[in-house]
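From a predicted model like this one, the values you see are computed outputs, not experimental measurements.
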Amino acid sequence: FSPSVLGTREHWDAAYERELQTFQDIGDTGEIWFGEESMVRIIRWLEKHKVPLDSSVLDIGTGNGVLLVELAKSGYMNLTGIDYSPSAIQLSEKVREKEGMSNIKLKVEDFLEPSAELSGFDICIDKGTFDAVSLDPSDAVGKRKLYVGSLCRVLKPEGLFLITSCNWTKEELLNEFREGFEILEELPTPKFCFGGRIGNSVTALVFQRK
């Protein structure tokens, strides 16, 4: 991928500072990455597979924290969100407060350099964070490797990793996560047709840590 400002911390700090100001002004929680259907898709999969409600869940790059709020509304109780942008965590704290979800834990953390206490999760969820890492102007390849290493550290053996991406195909993601993970399922996503070929604009996969 071509390097992009979307891969920089400065971009996301500025974006979430704007969203934080907007929330304080008019109560708008801001953009939901990949739309609401992406959250519904994740929650339906967890419910369909009867994933226990007390499973520990980590939302990697939580942004405004809306996914965690929806998980909490669905009955999930052990929820943690991290983001390397302090503004994002400030925003997610305000969203959590507005929704009355005091049991959601939120922390400023860089997933590529996770703290020791960030470990032992049953489920990790990523909606767009791996995409952003992949666009980092400085050593995106190295940072993708750091990401996979961090995922292996924070996720329990046999833990689940649900990733939604708009930059990577299924085959490319299988290659990126080939060390330490096996695919369980590809989730259905919207399809588009261009030049007689049908493709997916979004890829959503469920992996299990070996």
- For residues Trp168 and Glu176, determine if any side-chain heavy atom of one lies less than 4.5 Å from a side-chain heavy atom of the other. yes
- Task: Apply the test salt bridge (Lys or Arg N to Asp or Glu O under 4.0 Å) to residues Arg209 and Glu182: give CA-CA distance (whole Å), side-chain angles for both, the deciding distance (0.1 Å), then the verdict.
- Result: CA-CA 7 Å; Arg209 195 187 148 200; Glu182 59 186 1; over 6 Å; no
- Message: Looking at Lys210, I want to see if its NZ is surrounded by more than 12 non-hydrogen atoms of other residues, nucleotides or ligands under 6.0 Å.
- Response: yes
- Message: Under a 3.5 Å cutoff, is there a donor and acceptor pairing between the side chains of Asn64 and Ser92?
- Response: no
- Message: Looking at every heavy atom in both Thr189 and Ala204, which two are closest together, and how far apart are they?
- Response: CG2-CB, 3.8 Å
- Side-chain heavy atoms of Ile123 within contact of Leu162, under 4.5 Å: yes
- Residue pair Asp83 / Gly61: nearest heavy atoms and the distance that separates them: OD2-C, 3.4 Å
- Describe, in one word, how the ring planes of Phe177 and Tyr147 are oriented to each other, choosing from parallel (under 30°), tilted (30 to 60°) and perpendicular (over 60°). perpendicular
- Residues Val51 and Leu160: closest non-hydrogen pair is CG2-CD1, 4.2 Å
- Message: Does any part of the side chain of Thr164, heavy atoms only, come nearer than 4.5 Å to the side chain of Asp126, both counted from C-beta?
- Response: no
- Task: Dump the intermediate steps for side chain to side chain contact (heavy atoms under 4.5 Å, CB included) on Tyr84 and Leu112, then the final yes or no.
- Result: CA-CA 9 Å; Tyr84 69 5; Leu112 302 186; over 6 Å; no
- Do Thr62 and Leu68 touch side chain to side chain, with heavy atoms closer than 4.5 Å? yes
- Query: What pair of heavy atoms forms the shortest contact from Ser74 to Leu53, and how long is it?
  - Reply: O-CD2, 3.8 Å
- Query: Heavy-atom distance under 4.5 Å between the side chains of Phe161 and Leu205, does that happen here?
  - Reply: no
- Give a yes or no on this: more than 12 heavy atoms of other residues, nucleotides or ligands lie within 6.0 Å of atom NZ of Lys145. no
- Query: Is Leu118 close to Arg153 at the side-chain level, that is, under 4.5 Å between some pair of heavy atoms?
  - Reply: no
- Salt bridge present between Arg44 and Glu47 (N-O < 4.0 angstrom): no
- Query: What pair of heavy atoms forms the shortest contact from Leu79 to Tyr76, and how long is it?
  - Reply: CD1-O, 3.6 Å
- When you measure from the side chain of Asp122 to the backbone N and O of Gly159, does any donor-acceptor pair fall under 3.5 Å? no
- Looking only at side chains, do Ser138 and Lys143 share a donor and an acceptor under 3.5 Å apart? yes
- Glu99 side chain to Arg96 main-chain N or O, any donor-acceptor pair under 3.5 Å? no
- Task: Scan side-chain atoms only and decide if Ser134 and Asn167 contain a donor-acceptor pair under the 3.5 Å cut-off.
- Result: no
- Query: Please walk me through it: do Phe207 and Leu184 pass side chain to side chain contact (heavy atoms under 4.5 Å, CB included)?
  - Reply: CA-CA 5 Å; Phe207 286 95; Leu184 290 185; over 6 Å; no
- Message: Test your reading of the model: is there a side-chain donor-acceptor pair from Ser165 to the backbone of Asp131, 3.5 Å cut-off?
- Response: no
- Within-4.5 Å side-chain heavy-atom neighbours: Glu185 and Lys48: yes
- Heavy-atom pair of closest approach, residues Glu179 and Val148: O-CG1, 4.1 Å
